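One structure below.
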There are 4 protein chains.
Amino acid sequence: MRADARRNRERITTAALRLFAERGPEVSMEEIARAAGLGVGTLYRHFPDRRALAKEIAAVTLEDLLDAARAAIARDAPRWDVLRAMVAQAAGRPMSLLKSLLEAGDTETPRLRELQDAYNASLTEVVRAAQDEGTLRRDLSPDQVMGLFNLALCRPGARADDAVVTVVLDGLRSRGDAAAGTGQVRVAGR
Amino acid sequence: MRADARRNRERITTAALRLFAERGPEVSMEEIARAAGLGVGTLYRHFPDRRALAKEIAAVTLEDLLDAARAAIARDAPRWDVLRAMVAQAAGRPMSLLKSLLEAGDTETPRLRELQDAYNASLTEVVRAAQDEGTLRRDLSPDQVMGLFNLALCRPGARADDAVVTVVLDGLRSRGDAAAGTGQVRVAGR
Amino acid sequence: MRADARRNRERITTAALRLFAERGPEVSMEEIARAAGLGVGTLYRHFPDRRALAKEIAAVTLEDLLDAARAAIARDAPRWDVLRAMVAQAAGRPMSLLKSLLEAGDTETPRLRELQDAYNASLTEVVRAAQDEGTLRRDLSPDQVMGLFNLALCRPGARADDAVVTVVLDGLRSRGDAAAGTGQVRVAGR
Amino acid sequence: MRADARRNRERITTAALRLFAERGPEVSMEEIARAAGLGVGTLYRHFPDRRALAKEIAAVTLEDLLDAARAAIARDAPRWDVLRAMVAQAAGRPMSLLKSLLEAGDTETPRLRELQDAYNASLTEVVRAAQDEGTLRRDLSPDQVMGLFNLALCRPGARADDAVVTVVLDGLRSRGDAAAGTGQVRVAGR
DNA sequence: AATGAATGAGACTTCATTCAT
DNA sequence: GATGAATGAAGTCTCATTCAT
């Protein structure tokens with residue numbers, strides 16, 4: 001691939017990443033192209049159709065999250081903190097895109113599936129460990145935890161420390177844990 | 001209104017209620033008509049435009065929720081249980097429609113506004129009482145609680161006792177409360 | 001035909017006459033029915049379709065005009081005055097409907113055709129006589145005079161003595177005629 | 001703008017100009033597109049909506065008329081002849097479109113408004129001068145003259161020398177003028 | 001027979017996708 | 001290879017016409 005082609009592809013994914021994150025999964029192709037400073041034609045040269053672009057963005061996002069997750073996992077810290085880090089990482093990403101792709105249930109995209117599997121595997125690992133260390137409640141499967149993360153983060157303007165995330169994290173905390181619920185939600189005047 | 005017209009109006013609202021709940025606020029008029037076993041024209045005879053239908057469905061939903069909320073409030077039970085009942089009532093309703101209408105910010109529909117205000121008032125009342133009785137965490141405003149409910153329930157297939165709702169409710173529970181977190185999430189195989 | 005049926009038919013034609021005259025040939029069937037205080041169904045019972053109603057209104061109008069024309073013709077007055085009377089009669093009638101039907105060129109409606117023929121015959125008679133008496137310019141066919149009348153009158157709010165009618169009549173006046181152009185147009189401030 | 005785009009835009013305006021002139025202001029976008037040999041989408045790329053197309057056609061028409069009017073005004077000829085030239089220019093143009101836009105009363109389109117004002121100014125100038133030179137009857141305001149022109153020309157197939165135009169012009173001629181009414185209408189067999 | 005509800009074709013418009021330049 | 005113009009299917013809405021009550 002030529003240098004300019006690579007540059008264009010990059011511009012597209014950057015623009016799409018931002019727009020999908022800021023405005024949800026329904027942004028028009030025209031708009032993405034405009035934000036990338038390119039014509040639609042170029043967009044379609046790089047991605048055969050809208051789904052392909054969406055999947056690419058999803059994949060890139062998952063790769064990033066996976067890298068960050070692995071880094072967090074490698075650290076010598078309570079698994080609960082690793083979980084929190086994974087949530088923090090996901091804030092500001094196009095999670096609603098991930099979710100809508102997941103809901104659409106596309107079984108034919110190996111790369112995406114692999115990434116999802118890998119991410120799920122990492123998450124599962126952390127979830128199990130956190131459950132073992134007694135910080136994460138035991139009655140949830142990793143998938144369900146994933147669902148809750150998605151939920152907490154699939155909002156425009158989601159931040160890692162806002163009320164929703166805090167409450168969800170507290171809800172995930174093990175009940176027997178005395179240290180639970182130390183996070184305080186800032187009461188905002190709407 | 002003639003018997004057949006009433007019957008058809010009912011069919012329309014039933015179909016719309018279901019489709020908006022199952023598939024979100026973007027279902028097409030054509031599809032709603034089809035689901036009701038009617039032509040599009042009939043839809044438009046009963047509701048001048050898409051917004052009107054959406055508002056009607058929203059209003060009906062809010063009325064139901066409000067009735068149920070008032071009934072629950074009237075009962076002699078812990079306010080926490082009232083909150084739970086309100087959440088339970090909302091499951092399976094077109095909450096995402098409510099949300100999108102709220103976001104669209106239509107100030108010109110008195111009935112809807114009144115219902116929203118009344119519902120908010122009820123919720124606020126319960127929230128404050130639950131915070132007073134020490135079951136609901138004190139660092140959240142009623143609006144934030146509302147936001148969390150919306151979040152927990154604006155999903156296709158949301159159920160009153162699924163993992164998401166359970167975790168969110170637990171996250172809302174006051175930390176000092178020894179009885180907290182008794183609810184068990186069923187571990188589902190995805 | 002029963003008495004109430006006749007009454008309804010009358011209501012319809014009255015309403016249609018007025019609406020076609022005031023608002024042109026595009027009024028909706030619904031609106032005509034409403035103005036008549038009836039349901040659309042009743043309208044369609046009396047007139048198989050929109051064209052039929054339009055033709056009926058056109059026919060009624062032509063009949064009226066024809067009666068008035070014949071009365072005027074019978075009088076002992078200059079033929080020019082008869083012409084003017086015919087124009088005056090036509091003001092406030094649904095002339096644009098007549099025109100649009102004429103343009104649509106429906107050859108299959110005997111009654112309408114007969115009426116048009118009869119009216120044309122009367123007009124032709126008057127036109128020829130006026131041309132003979134030297135008041136109407138000689139370079140126009142009766143059809144063209146008819147066209148000009150239509151033109152002068154196919155306006156919402158056309159009145160028998162407004163600027164347009166005056167100018168058209170003056171333009172029709174024979175040039176050699178010393179008495180021509182006595183009519184003064186009121187200069188309106190728009 | 002690319003060559004093909006310009007060509008297509010031209011095709012659209014040409015087709016629209018013709019259809020609006022021949023069939024009035026209500027032609028469908030579909031039909032205009034078909035007449036231009038293009039898809040509807042292309043129409044909408046060039047003109048955001050129906051009104052925009054209509055305004056463009058109106059503006060182009062007014063520009064043409066204004067140019068021709070100014071050229072005629074600049075000539076050393078009786079103002080009456082200038083008036084006639086202005087009428088002649090307008091024949092075959094989509095005057096009914098102009099009229100309907102005027103009636104719709106769009107105050108938000110500066111260009112169109114300027115053109116209308118400029119054209120009205122030119123016409124007013126010529127009308128006053130013709131009244132001063134004694135050829136145009138004095139009992140009409142420029143607006144009324146404009147109204148008569150519209151009337152004479154808002155017909156499908158209006159031609160500069162047909163019976164209607166001739167009669168209207170003769171009706172506008174000053175009565176004291178001995179030379180009046182020299183124009184002969186061709187008697188058509190319709 | 002009267003009513004007005006139901007129908008569906010057609011109008012306007014948007015946007016994912018294809019294709020000429 | 002890039003561009004943005006062209007396409008047409010699909011969505012919302014209207015209205016002439018049909019039909020159940």
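A quick note: this is a predicted structure, and the numbers were derived from the prediction, not measured. Below, chain A is the first sequence line, B the second, and so on; all start at residue 1.
The environment of CD in A:Glu10 is sparse: at most 12 heavy-atom neighbours from other residues, nucleotides or ligands sit within 6.0 Å.
Taking atom NE2 of C:His46 as the reference point, atom C1' of E:dA2 lies 9 Å away to the nearest angstrom. The nearest whole Å value for the distance from the CZ atom in D:Arg34 to the P atom in F:dG8 is 12 Å. Atom CZ of D:Arg6 is separated from atom P of F:dG4 by 15 Å (rounded to the nearest Å). We find that CD1 of B:Ile32 is positioned 14 Å from C1' of F:dC13, with the value rounded to whole Å. As rounded to whole Å, 15 Å separates atom P of E:dC12 from atom CZ of D:Phe47. The interatomic distance linking B:Leu38 (CG) with E:dG4 (P) rounds to 20 Å, in whole Å. B:Ile12 places its CD1 atom 13 Å from the C1' atom of E:dT7, with the value rounded to the nearest Å.
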(request) Would you please test A:Glu56 and A:Arg111 for salt bridge (charged side-chain N to carboxylate O under 4.0 Å, His left out) and show each step? (result) CA-CA 9 Å; A:Glu56 171 64 15; A:Arg111 185 184 168 210; 2.9 Å; yes
(request) Begin from the C-alpha positions of A:Arg51 and A:Asp49 and carry the test salt bridge (charged side-chain N to carboxylate O under 4.0 Å, His left out) through to its verdict. (result) CA-CA 6 Å; A:Arg51 273 189 87 79; A:Asp49 60 18; over 6 Å; no
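In this structure, B:Thr42 does not reach the E:dA5 phosphate: none of its side-chain N or O atoms is under 4.0 Å from OP1 or OP2. Within the structure, every side-chain polar atom (N or O) of A:Asn8 is placed at least 4.0 Å from both OP1 and OP2 of F:dG1.
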(message) How would you summarise protein contacts on nucleotides 15-21 of chain E per nucleotide, using B for base, S for sugar-phosphate only and - for none, with heavy-atom distances below 4.0 Å?
(response) -SBB-BS
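Taking the side chain as every heavy atom from C-beta outward, B:Thr61 and B:Tyr119 never approach each other to under 4.5 Å. Between D:Arg93 and D:Asp64, some side-chain heavy-atom pair lies under the 4.5 Å cut-off. Under the 4.5 Å side-chain criterion, counting only non-hydrogen atoms from C-beta, C:Met29 is in contact with C:Leu53. The shortest distance between side-chain heavy atoms of B:Glu103 and B:Lys99 falls below 4.5 Å.
When both pairing distances are held under 3.5 Å, F:dA20 makes a Watson-Crick or G-U pair with E:dT3. Using the Watson-Crick or G-U wobble rule with both distances under 3.5 Å, E:dT14 pairs with F:dA9.
The nearest heavy atom of DNA chain E to B:Leu43 and to C:Leu43 marks one nucleotide each, and the one closer to the 5' end goes with C:Leu43.
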